[in-house]
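Here the structure comes first, spelled out in structure tokens, and everything after it is commentary.
Quick caveat, the model's predicted, so the values are computed rather than measured.
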Amino acid sequence: AQKVTQTQTSISVVEKTTVTMDCVYETRDSSYFLFWYKQTASGEIVFLIRQDSYKKENATVGHYSLNFQKPKSSIGLIITATQIEDSAVYFCAMREGSNYNVLYFGSGTKLTVEP
Amino acid sequence: DTTVKQNPRYKLARVGKPVNLICSQTMNHDTMYWYQKKPNQAPKLLLFYYDKILNREADTFEKFQSSRPNNSFCSLYIGSAGLEYSAMYLCASSIRQISNERLFFGHGTKLSVL
């Protein structure tokens with residue numbers, strides 16, 4: 001079974017608007033860590049933001065923020081004031097506290113930001 | 001320097017021939033990973049080294065080999081490439097003991113098998 005699921009395969013938005021990308025995860029661990037990465041056009045995968053399961057506050061870094069809904073096993077990525085350069089594939093990922101070694105990825109959401 | 005370097009960026013291989021991909025990092029990370037990424041799919045963990053200990057995923061156990069002669073360097077070896085090996089191969093590193101530590105990825109090697 002998929003541990004991390006991203007149902008949106010692609011999203012298109014107009015520049016300077018806000019976009020939300022969905023991600024749900026599955027784990028039995030009480031401690032786990034959630035990440036969002038971005039894959040640029042060159043193929044490089046870049047870390048964006050992280051949420052630790054024991055933290056109630058939603059993480060925020062620059063114009064990225066998270067909507068962590070623990071009861072729903074959901075971790076949405078919100079990008080405000082989108083820019084053309086935000087166009088990329090965004091991956092949600094999870095690491096379980098019982099197994100540091102494995103980072104489970106979702107299949108990604110392709111974001112296109114248009115002028 | 002917080003980069004992971006991979007060589008080459010692009011690799012062309014013939015079916016049945018061996019392939020060797022190289023990765024290095026200078027962050028003194030104890031763990032190095034190899035992922036396979038195909039279009040429209042999630043990155044798939046192939047194997048990782050924690051220090052000198054190699055761990056290979058069960059479903060790719062026989063397809064990929066690796067070596068880590070020192071802390072900074074890790075290779076991925078395919079003994080006999082098949083068409084299904086065409087993919088982006090991503091190397092990453094991290095400090096295992098920091099549970100919420102992110103992975104640092106290299107730019108990847110795009111392997112095309114013909």
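A chain of hydrophobic side-chain contacts below 4.5 Å, direct or via other Ile, Leu, Val, Met, Phe, Trp or Tyr residues, connects Phe47(A) to Leu34(A). Placement of Val19(A) and Ile78(A) in two distinct hydrophobic clusters is found when ILVMFWY residues are connected by side-chain heavy-atom separations under 4.5 Å, directly or transitively. Taken together through direct or relayed side-chain contacts under 4.5 Å among Ile, Leu, Val, Met, Phe, Trp and Tyr, Val89(A) and Ile11(A) form part of one hydrophobic cluster. The same ILVMFWY cluster, assembled from side-chain heavy atoms under 4.5 Å apart, contains both Leu54(B) and Leu21(B).
For residues 76-90 of chain B, a heavy-atom distance under 4.5 Å to chain A picks out Met88(B), Leu90(B), given by residue number. Proximity to chain A among residues 38-48 of chain B is limited to Asn40(B), Gln41(B), Ala42(B), Pro43(B), Leu45(B), Phe48(B), judged by heavy-atom separations below 4.5 angstrom.
Side-chain atoms of Leu103(A) and Tyr35(B), non-hydrogen and from C-beta on, do get closer than 4.5 Å to each other. Side-chain contact between Phe105(B) and Glu44(A): absent, with no pair of heavy atoms (C-beta onward) separated by less than 4.5 Å.
Taken to the nearest 0.5 Å, the CZ atom of Arg102(B) stands 10.0 Å off from the CG atom of Leu48(A).
Neither the backbone nor the side chain of Glu96(A) comes within contact range of chain B; no heavy atom of the residue lies under 4.5 Å from a heavy atom of that chain.
Most heavy-atom pairs under 4.5 Å with chain A: of the set Gln6(B), Lys37(B), Lys110(B), this distinction falls to Lys37(B).
For the pair Tyr37(A) (side chain) and Leu103(B) (backbone), a donor-acceptor distance under 3.5 Å is present.
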